[in-house]
Amino acid sequence: MLFFNVRFKHLLLFFLLLMSSWVSAQDTKKSHTISGYITDGKSQETLLGASIYDVATMKGVVSNNFGYYTLKLPNGKIQFRASFVGYDPYEAVFDLRGDTLINIALTQSNQLNEVTVTARAIESNVKGTQMSTIELPVMQLKKVPALFGETDVIKALQLLPGVQSGTEGSAGMYVRGGGPDENLILLDGVPLYNVNHAAGFFSAFNSDAIKNVTLYKGNFPARFGGRLSSVVDVRMKDGDMYEYHGNFSVGLIAAKANVEGPIVKGKTSFNFSFRRTYYDLFTAPIMNYVAKQETGNKNSAWGGYYFYDLNLKLNHKFSDTDRLFFSFYSGDDKVYARVKIKEEYSDSYYNTGVNSYEKMDIDWRWGNRVAALRWNHVIQPNLFMNITGAYTQYRHYLGAEIGQERTYYQQGNTSTYSESIEMGLNSGIYDISAKADFDYNPFENHDVKFGANLTHHTYKPTTTGVHLKESDDDYQYSFDTVTGSSKIRALETDLYAEDNWSINNFFKLNAGLHFSTFTVEGKTYPSLQPRVSLRALVTEDFSLKAGYAYMSQYIHLLSSNAISLPTDLWVPVTGKIIPMNAHQVAVGAFYDWNGFEFSVEGYYKKMNNVMEYKDGASFFTLDQTDWQDKVVMGEGWSYGIELFAQKTIGKLTGWVGYTWSHANRLFNRPGQELNFGEVFPAKYDRRHDLNIVLMYELNDRIDLGATWIYSTGNCATLAYQDYHGLPNLSSYSYYSTIGHIESRNNYRFNSYQRLDLVANFHKQLKHCERVFSINVYNALVHNNPFVVIPWETYEYNPYTGETVEKKVLEQVCVFPIIPTLSWQYKF
Amino acid sequence: MKKQVILLMAMMMLGLTSCVKEVEFDGEQSESLLVVNGLQQVGQPARLCVEKSVFFLDAKKDCRAKDVQVDLYVNGDFKEALQVRDSILTEVYYDWTEEGEVMKERLLYAFNYCEGQYVLCAGDRLRFEVRSSEFDDAAEAETTMPDMPNVISFDTVRVDRVENTSTYTVYFSLTLDDPLGIDYYNLCPYDGLVGFSSSDPVFADLTSIEVENLMGESSEYYAYGPINVFSDAYFDGKTYSVSMSAYSWGDEYYEPFTLEVSRVDEALYQYKRTYDAYQQSDPESLLGMFTEPVRVYSNVKNGTGVVCAQSQPVTLVLDFIINY
């Protein structure tokens, strides 16, 4: 607490100095505010991150997450310019004499787009204070090859330096040595807990519904909090205010549709997207047909797996100062199976028989719901307010019912025996939150953001209900029980303030403070988190940047190491499990040259109280051990260098990203040792990661894309030496063999390499445009390891006639090569 | 099993082709380790099993190390060199040949068995130095022979007839007077007491590998083998009664319950704990697929294995009365 007080005093002093600088920063010359919304000229879709600036002084801002901007400039002649990727810039020259409202509608450019990873004039690669931040326009992602042709924002992020995927095909993200639970994934500002479908092979985001994705992997602005390693800010499309549009596409495993348009022209719009896999629609009837054919219609079997996403956004414009948004997302995965078996046996001689009926029902589903109501209000031209009320939930349910009924008859008498067991396993997390965010432009050169957030969390770790029934003519037995951890309720508060301050032409500073508290089980954890980043503009094309961020995290994901499963469990800090926190420093150099952008960043991240399962613990949560007794806490640190070069203009665009990194863990607290208290590499510690992404626009009708990925193999724990255990430990273990594990994560899989290709063929039909795509995932058929297992086989020796035991190392590869065709119709 | 489950999951989820291929091990191949194992018992001579570990992809069964030499030091002084002999275990199997079914014998396991003559006493501090011409450094292990436990009583608490059966559940308790300091105990059931179960908190550290436990039906510890160790962390320096229960098989099979109670060293406790967890994490088992890997405890320097100690046991007999 003393440390907290000392640090708080220092930060208070820092803020007082900052406030005094605001006062001194006020020019003697009178200044006024230019403000307004910046939108697409055709659809009125707001444009986020557009640059608005005075060309003469290069003073400017970028539009916020709602397309609103506010720019304070001195009175006089202004050479006003607004620009956004893929749009013709808007320019106006006028004499600024008072506060001015300019709503700008940009028109889409016919020229070749500046693509993929954007540079902004004001907050560009070189000129912005922010580093370790990358914005992905979703429209361009469709030119990047994708697994099954399903454009995936999370997988696109994995192609950037500093971001690593988990296993083959997985949508898990490991940012700068952090864990998969250390990423704050926001959908329209609301946290989404489970971002995976199908064990992580797909992310929960339907690209048709998404407008913009921004990744922060370090130097986090003060407005974000709650995770250690990254923030992925995903914004849904608002919907066209004037015209109806849509598209429908069919791929190898999923079909999806998107439609948007006005409800009241110019006032209210909607955007609706739906995606569903349809693999089960074919497999379930086939399975049932086979079962019936084989048993003469006696048995039936019906089962499959699917996932769906539904996105809805409503947007109403009351006036130039007031807007209301409603966002809704629902996504579920479901595994279902229903098996019925009928058997009859009779003996006519003895006049006896048995009729047996067995059934099994499995219902396993998991998914997210997110709903948010948002009100934008311009209080005054230089003060913008956004109020959000949101609900988010992640729920996992596994239900199974197994039963049988037998009727025995003998000499005219019948007796019946039946038994059934029903089991339900539930877990989930439910959040209700209220949030207020303000954008304030009090003085020239200062762009201030501040706000507050209050979230009520309800965590339901795992409850298991079992209902057992058994009966015959004379006997009845029934058993009911519910076991598991009880609900945990917690209250989280966040306060933040940050200032993006142009000190002079050379220095620009983004300084902020995030204060949060988390109250759980009668205990409150406070955390004061300073954030600062500084840019030094050496030349117009070259800058140096440095930054520091302190982050705290109050929830953990209990997860398997290899794959993302619905049994992965979000759990909060408790009286026993304390919050994680991380310090991260980063430095970088940024250079723009003739349509190319280059950057090099170095980082060091120290993480405290990171959590891992104990040796031998299992995330298989059917046992009675409290989850808190299965985990241990320790330290982690990571460091690395990221190189990034991209070409944004021309027919050929794309980027090359390379990461050299180390990520380590140390669990040496008394009673919480892992690896006998020695340092070991983190699961996804990889020395090298190289991604090359190329997109080529051959002509108006054909565009091509290719990605090539190389990375060091994942770590795994493998016992290199076998020996026999202590004899007579127990009757069955006399010959037991023990694998000697030298160290955790001591073995590395083979390196990972993959070449993906895509070709998109566009054709304008009478009423719509058709896009036919050919995707080839892993075109070089490289056997990338999903998992490597030591395995015992038996080999027959024809010379000796003996069958001998042989041990081998087997590598399972999930996707040898996946060619995919898909069709999309846009209207 | 793990391989099939992964493949099945991938196929079920995606219905796509996967592939499995044998890969060359291209990691840093580690050297063999000198393995030293032995449970030393008060009143018995020192005994060790010595072998060398084998690379995990080798199916080698003969684990004997060459020229093994074991020196025993007691309380810092050299006491004796243990006698070393080969121990070869074989099994008989039947093979079909042109001549029909033929009985054959094959090697199961061969190691070096070492035994001394000095009879170990409570309080002896033992140090073993194990050398082999195949290893540069001697493996070393130390342990101290514990005192006998102070058992106050061994009582029947209750006997319940199991409904609709001729068996009985016998609830009994063992009362110990525990001295201050960290102590470890072992319970070894035998004769009429084939095994026991207990939900006593002293067993909370031990992992039972019963499926019933995993499925949430019970949180009890099930004892079948001779090593059921627990620490006094729960009752250090106090008198404590450990609760257990077991099945009796009725009058016709009546045999009194016999339990051996001994004190053991920390090495045995840590070994048993990690060994049980290791068994659950077997990568070839279904559960192992979802389980974190485990390093089994070792107190052998320059090698692996465990050298641990056990006091002379107190043998307790429980002659209970069945209430009809």
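Chain naming here is simple, since letters A, B, ... match the order of the sequence lines and numbering starts at 1 in each.
- Heavy-atom pairs under 4.5 Å with chain A were tallied for B:S298, B:S53, B:C308; the largest tally goes to B:S53.
- Interface summary for chain A: among B:N37, B:V307, B:V296, the most heavy-atom pairs under 4.5 angstrom belong to B:N37.
- Using a distance-only test at 3.5 Å, with no hydrogens or angles considered, no donor-acceptor pair links the side chain of A:Y720 to the main chain of B:S32.
- Under the 6.0 Å cut-off for aromatic ring centres, B:F111 and A:H724 do not qualify, their centroids lying 6.0 Å or more apart.
- Among all heavy-atom pairs drawn from A:V808 and B:L57, the shortest one is C-CD2, 3.6 Å.
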| For A:Q721 and B:F56, what are the C-alpha separation, side-chain angles and deciding distance, and is it a side chain to side chain contact (heavy atoms under 4.5 Å, CB included)? | CA-CA 5 Å; A:Q721 294 286 326; B:F56 76 112; over 6 Å; no
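- Looking at A:L718, the atoms closer than 4.5 Å to chain B (heavy atoms on both sides) all sit in the side chain, from C-beta outward.
- Formation of a donor-acceptor pair under 3.5 Å by the B:R295 side chain with backbone atoms of A:H740 is not found in this model.
- Here the OH atom belonging to B:Y271 is positioned 3.5 Å from the CD1 atom belonging to A:I738, to the nearest 0.5 angstrom.
- Heavy atoms of A:F676 lying under 4.5 Å from chain B belong to its backbone as well as its side chain.
- Remark: B:T304 OG1 to A:E742 CD distance equals 9.0 Å, nearest 0.5 Å.
- Ranked by heavy-atom pairs shorter than 4.5 Å toward chain B, the options A:D280, A:D722, A:L674, A:N750 are led by A:D722.
- The heavy-atom pair separating B:Y275 from A:S736 by the smallest distance is OH-OG, 2.7 Å.
- Looking at heavy atoms from C-beta onward, A:L726 lies out of side-chain contact with B:I227 at the 4.5 angstrom threshold.
- Between chain A and the options B:L39, B:L33, B:V35, B:V54, heavy-atom pairs under 4.5 Å are most frequent for B:V54.
- If you measure heavy-atom distances from A:N675 to chain B, the contacts under 4.5 Å come from both the backbone and the side chain.
- For the ring-ring contact (aromatic ring centres under 6.0 Å, His included) test, residues two or more places apart in sequence or in another chain that qualify with B:Y234 are B:Y240.
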